[in-house]
Amino acid sequence: MEQNIEFWLPDSVKHTKEHCARVLLLALVIAHQIGLSEEEMDALSMAAIFHDSRRLNDWLDKGHGKRAAEYYEDYCCEHDTKSNKQAIPAGTCKRHLKIN
């Protein structure tokens, strides 16, 4: 999946796909240690993978988390992913189709 995610800062030295992969690894190690469920780990994994995908710069970018969450939501709707059914509220994809 991570090969298909578009990052707005592809030339960044800080917020790269490799950074997100490290965040994913560390998040899953901690999640396993504290006993998160498989469903919780799936949601955490998606947050780790997408969390910096919509950065506008490498410094203070207060809106990047919200933009990344919206991108994840759109990504799930477009790709009909399993995570869509777990993490995206029912009806959200239909709402996006009406807007777009």
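Count residues from 1 along the sequence.
- The side-chain hydrogen bond (donor to acceptor under 3.5 Å, both in side chains) test applied to Lys62 returns no partner, not counting sequence neighbours.
- Minimum interatomic distance between Tyr75 and Asn4 (heavy atoms only, all atoms of both residues): OH-CB, 3.4 Å.
- Under a 4.5 Å side-chain heavy-atom cut-off, the cluster of Ile, Leu, Val, Met, Phe, Trp and Tyr residues that includes Leu25 is completed by Val29.
- Applying the side-chain hydrogen bond (donor to acceptor under 3.5 Å, both in side chains) criterion to Glu18, with sequence neighbours excluded, gives Thr16.
- From Lys17, atom NZ reaches atom OG of Ser12 across 13.0 Å, with rounding to the nearest 0.5 Å.
- Note: Leu9 CG to Ser53 OG = 10.0 Å, rounded to the nearest 0.5 Å.
- Listed by chain and number, the residues in a side-chain hydrogen bond (donor to acceptor under 3.5 Å, both in side chains) with Arg22 amount to none (sequence neighbours excluded).
- Annotation: ring pair (Phe, Tyr, Trp, His ring centres under 6.0 Å) contacts involving residues 22-47, sequence neighbours excluded, are absent.
- In terms of the side-chain hydrogen bond (donor to acceptor under 3.5 Å, both in side chains) criterion, Asn57 has no residue partners (sequence neighbours excluded).
- For Asp58, there are no salt bridge (charged side-chain N to carboxylate O under 4.0 Å, His left out) partners, not counting sequence neighbours.
- Hydrophobic clustering keeps Leu28 apart from Val23 (ILVMFWY residues linked when any side-chain heavy atoms are closer than 4.5 Å, directly or through intermediates).
- Leu56 forms part of a hydrophobic cluster together with Trp8, judged by ILVMFWY side-chain heavy-atom separations under 4.5 Å.
- Looking only at distances, a side-chain donor or acceptor of Glu40 sits under 3.5 Å from a matching main-chain atom of Ser37.
- Once rounded to the nearest 0.5 Å, the distance linking NE2 of His64 with CZ of Arg54 reads 12.0 Å.
- Distance check, rounded to the nearest 0.5 Å: NE2 of His15 to CG of Asp61 gives 8.5 Å.
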Can you list, pair by pair, the side-chain donor-acceptor contacts under 3.5 Å of residues 44-51, counting residues two or more places apart and other chains?
from  : atom 1 : to    : atom 2 : distance (Å)
Ser45 : OG     : Met41 : O      : 2.8
His51 : ND1    : Ala48 : O      : 2.7
His51 : NE2    : His19 : NE2    : 3.2

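- If you take CD on Glu6 and OH on Tyr71, they are separated by 5.5 Å, rounding to the nearest 0.5 Å.
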